[in-house]
Amino acid sequence: MTNNEEQFEKLVEKLSASSRRERQVAAAAMAELARVEPAILEPYKDQIIDALNRPEAQTRWECLDMLTALVPLDAKTCEKAVDGAETALFDEGSGPLRLSAMRFLCKLGATSPSLSSKAWPLIDEGIQCYHGDVEFSDMLNAVIDFSSGDLAPEVKEALAARMAFDAANGRGSLKKRASLILENVQPKE
């Protein structure tokens, strides 16, 4: 094992350290690596999923960001994080945590019809709960990506129904984003 591999192993171990600060620093460093080279984190998916059970919001949102980057590499394993993402999505104390959870659920749900059906109820509830919140615009960007994914027909219909009001009656960027979502889920001719 090289020195870099040893250092990385120590970083992963710190996700379960007793110190909140150590967990946050480790998660932030790993999330930055995930943005550049997510494959490096593949062997540590289970530890990242486990870290969704830490009490502090930052560790959890960094882990959700890592898992979002890992979805294209292994959606099946990332599916194990849905319960942790659900808890994060409805955490009343942290907007960044809720946003990371929505991004993860949308990325995971876009990978297959079955995963879209699993993620959709949470995405739908998130759309309803956070409509108008500071993070909602960024959440809608994740929903736009979700809407162009491999969705089950019933999910497409439900998403279209959810966004129809905003597409017809919204203003500005809300109207544009809702209209784009509707366009993405319409049957292609």
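Count residues from 1 along the sequence.
Of the possible polar contacts, one joining the N169 side chain to the F165 backbone as a donor-acceptor pair under 3.5 Å is found. Checking side-chain atoms of Q186 against main-chain N and O of L182 turns up a donor-acceptor pair under 3.5 Å. No donor-acceptor pair closer than 3.5 Å links the side chain of Y130 to the backbone N or O of G95. Judged by distance alone, the side chain of K14 and the main-chain N or O of R23 form no donor-acceptor pair under 3.5 Å. The backbone N or O of A152 lies less than 3.5 Å from a partner atom in the side chain of S116, making a donor-acceptor pair. T59 contributes no side-chain N or O that, together with a main-chain N or O of P55, makes up a donor-acceptor pair within less than 3.5 Å.
A distance of 11.0 Å separates CG of L140 from CG of D145, quoted to the nearest 0.5 Å. Between the CG atom in L64 and the CZ atom in R98 there is a gap of 13.0 Å [rounded to 0.5 Å].
Atom CD of Q128 has more than 12 neighbouring heavy atoms from other residues, nucleotides or ligands inside a 6.0 Å radius. Atom CZ of R21 has 12 or fewer heavy atoms from other residues, nucleotides or ligands within 6.0 Å.
Across A168 and K175, no two heavy atoms sit closer than the pair O-NZ, 3.2 Å. R162 and D124 make their closest contact through NE-OD1, 2.5 Å (heavy atoms, listed as atom of the first residue, atom of the second, distance). Minimum interatomic distance between Q58 and A28 (heavy atoms only, all atoms of both residues): NE2-CB, 3.9 Å. Across all their heavy atoms, L151 and G109 have their closest contact at CD2-O, 3.8 Å. The two residues Q47 and L15 have their closest heavy-atom pair at O-CD1, 4.2 Å. In terms of heavy-atom proximity, A69 sits nearest to P38 at O-CB, 3.6 Å.
Between R177 and D166, no side-chain nitrogen of the basic residue sits less than 4.0 Å from a carboxylate oxygen of the acidic one, so the salt-bridge criterion is not met. The pair E79-K76 counts as a salt bridge, with a side-chain nitrogen and a carboxylate oxygen less than 4.0 angstrom apart.
You'll find the side chain of W120 stays beyond 4.5 Å of the side chain of L105, heavy atoms only. F104 places none of its side-chain heavy atoms less than 4.5 Å from the side chain of L89. By the 4.5 Å heavy-atom criterion applied to side chains, L159 and V143 are counted as neighbours. In this structure the side chain of M163 never reaches within 4.5 angstrom of the side chain of S179, judged on heavy atoms. Considering only heavy atoms from C-beta on, D91 comes within 4.5 Å of R60 through its side chain. The side-chain heavy atoms of V155 and F146, taken from C-beta on, include a pair separated by under 4.5 Å.
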Requested in this report: Check the pair I48, M30 against side chain to side chain contact (heavy atoms under 4.5 Å, CB included), reporting the backbone distance first and the verdict last.
Outcome: CA-CA 10 Å; I48 296 166; M30 291 174 65; 4.1 Å; yes
Report task. Evaluate the criterion side chain to side chain contact (heavy atoms under 4.5 Å, CB included) for residue pair F90 and L122; output intermediate values, then yes/no. Result -> CA-CA 9 Å; F90 300 108; L122 298 172; 4.1 Å; yes
Query raised in the report: Step by step, would you call D46 with K80 a side chain to side chain contact (heavy atoms under 4.5 Å, CB included)?
Result: CA-CA 9 Å; D46 290 333; K80 296 177 190 175; 3.7 Å; yes
**Report entry** Worked check of side chain to side chain contact (heavy atoms under 4.5 Å, CB included) between L67 and L52
**Finding:** CA-CA 10 Å; L67 291 165; L52 293 176; 3.9 Å; yes
Query raised in the report: After noting the C-alpha distance and the side-chain angles of K10 and E13, does the key distance pass the salt bridge (Lys or Arg N to Asp or Glu O under 4.0 Å) rule?
Result: CA-CA 5 Å; K10 288 178 184 176; E13 288 173 16; over 6 Å; no
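By the criterion of side-chain heavy atoms lying less than 4.5 angstrom apart, applied directly or through intervening Ile, Leu, Val, Met, Phe, Trp or Tyr residues, F8 is not grouped with V25; the two fall into different hydrophobic clusters.
For the side chain to side chain contact (heavy atoms under 4.5 Å, CB included) with V71, the lone residue among T111, L115, T77 that qualifies is T111. For the side-chain hydrogen bond (donor to acceptor under 3.5 Å, both in side chains) with S100, the lone residue among D65, D138, T68 that qualifies is D65.
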